[in-house]
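As the structure lists them, so they are numbered: ligands from 1, and atoms in each ligand from 1.
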Amino acid sequence: MNAPHAAAISAAADGRVDPWRVNADLHCHSYMSDGMLAPAALVRRAHANGVQIHALTDHDEVGGIAEAAAEAARCGMQFVAGVEVSVTWGGETIHVVGLRVDAAHEGLISGLSRTRAGRDSRAREMAEDLERAGVPGAYEGALRYVGNPALISRTHFARHIVEQGVCADVGEVFQRFLVEGKPGFVPHRWARLSEAIEWIREAGGIAVLAHPGRYRLGDTGLWALMSEFRDAGGEGIEVLSSSHTPDQYRQFARHAREFGFRASRGSDFHAPGESRVELGQLPQLPDDVVPVWHDWPELAALAERA
Ligand code: AMP
Ligand code: MN
Ligand code: MN
Ligand code: MN
């Protein structure tokens with residue numbers, strides 16, 4: 001286990017805990033989307049790794065939340081319901097994480113269901129294109145990794161391509177296949193930025209811009225995205241993400257201050273041995289940003305238990 005969070009939080013004399021020292025991991029995936037673990041197994045792994053506030057954020061899906069929440073309660077770990085919504089903005093795919101959402105909210109559920117529609121036909125087109133590129137049987141192969149038939153994704157194809165020995169790992173697949181200009185890429189229209197934020201907010205949640213360092217937008221495009229995200233009601237930004245370099249931690253901490261965003265921390269864990277960063281093992285947030293959880297009841301609950 002990593003050292004930075006080995007020393008769990010303790011309450012100060014006034015009963016408050018230091019939000020910066022809390023091990024919050026607010027971005028990960030179960031097999032309800034493109035992760036490999038069951039929601040309960042993921043929660044147990046987070047707890048074993050020292051996570052104190054945990055969120056499950058499956059792509060376009062909240063079907064794993066009830067199982068995860070029940071397991072977190074058994075473990076005595078603070079849990080918040082989350083989701084990662086796929087958005088098309090300026091021709092790019094952008095991800096928006098919703099945190100502390102009501103997973104039973106009808107508007108959210110129907111919006112996510114509309115966003116998921118079309119994944120299967122996209123997958124069949126991806127498989128046809130891969131077949132032309134010399135990777136046969138990819139639809140059936142990808143399906144073997146799918147836990148939720150409504151959510152076949154590029155990750156499932158990537159695992160199949162690795163299994164076939166065509167690439168050494170998932171990272172190599174996303175260099176040679178499945179991205180714009182490479183075999184297996186099929187453009188898709190996801191939700192609009194404004195509607196994703198609206199579903200999250202209507203479900204009582206807070207919208208967080210996921211892994212902003214990953215988008216190929218250039219400085220001007222990134223600025224435009226963050227401005228529009230804020231104007232549409234977005235309140236947070238992932239400063240710490242497994243997709244970010246330490247330089248990007250600093251860059252997005254600065255942008256968080258400039259735009260008045262709260263800062264989030266998420267490993268984006270998908271599977272043991274596949275994900276670059278384990279659950280709960282990113283560094284601490286810098287002290288010049290405000291943690292997205294700083295005023296959450298889950299933080300107060302930690303103080304009561306400390
Ligand atoms: P989809 O929603 O079907 O377009 O699939 C998107 C998923 O592919 C992301 O959530 C990641 O899990 C995965 N992915 C995209 N790019 C990469 C990459 N460069 N390396 C590893 N996984 C990636
Ligand atoms: Mn994913
Ligand atoms: Mn993402
Ligand atoms: Mn993710």
Nearest protein heavy-atom contact for [atom]: which residue, which atom, what distance?
| atom | value |
| --- | --- |
| atom 8 (O) of ligand 1 | Thr155 OG1, 3.2 Å |
| atom 2 (O) of ligand 1 | Arg119 NH2, 3.0 Å |
| atom 14 (N) of ligand 1 | Phe174 CZ, 3.3 Å |

Output yes when [X] and [Y] qualify as a salt bridge under the 4.0 Å nitrogen-oxygen rule, no when they do not.
| X | Y | value |
| --- | --- | --- |
| Glu258 | Arg254 | yes |
| Asp295 | Arg262 | yes |
| Glu71 | Arg44 | yes |

Can you find an N or O of [X] that's nearer than 3.5 Å to an N or O of ligand 1?
| X | answer |
| --- | --- |
| Trp190 | no |
| Asp34 | yes |
| Arg154 | yes |

Among the N, O or S atoms of Asp268, the one nearest the Mn ion (ligand 4): OD1
Interatomic distance, Leu151 atom CG to Asp34 atom CG [nearest 0.5 angstrom]: 7.5 Å
Residue His95 atom name (nearest to the Mn ion (ligand 3); N/O/S): ND1
For the Mn ion (ligand 3), the closest N/O/S atom belonging to Glu84: OE2
The Mn ion (ligand 4) to nearest N/O/S of His211 less than 2.8 Å: no
Charged tip of Arg230 within 45° of Phe259 ring normal and under 6.0 Å: no
Ligand 1 contact on Arg122 by region, counting heavy-atom pairs under 4.0 Å: side chain
Evaluation steps, salt bridge (charged side-chain N to carboxylate O under 4.0 Å, His left out), between Arg257 and Asp288: CA-CA 8 Å; Arg257 293 194 301 275; Asp288 54 4; 2.7 Å; yes
Side-chain heavy-atom pair Arg45, Leu37 within 4.5 angstrom cut-off: yes
Test salt bridge (charged side-chain N to carboxylate O under 4.0 Å, His left out) applied to Glu172 and Arg176, step by step: CA-CA 6 Å; Glu172 188 188 335; Arg176 292 175 48 200; 2.7 Å; yes
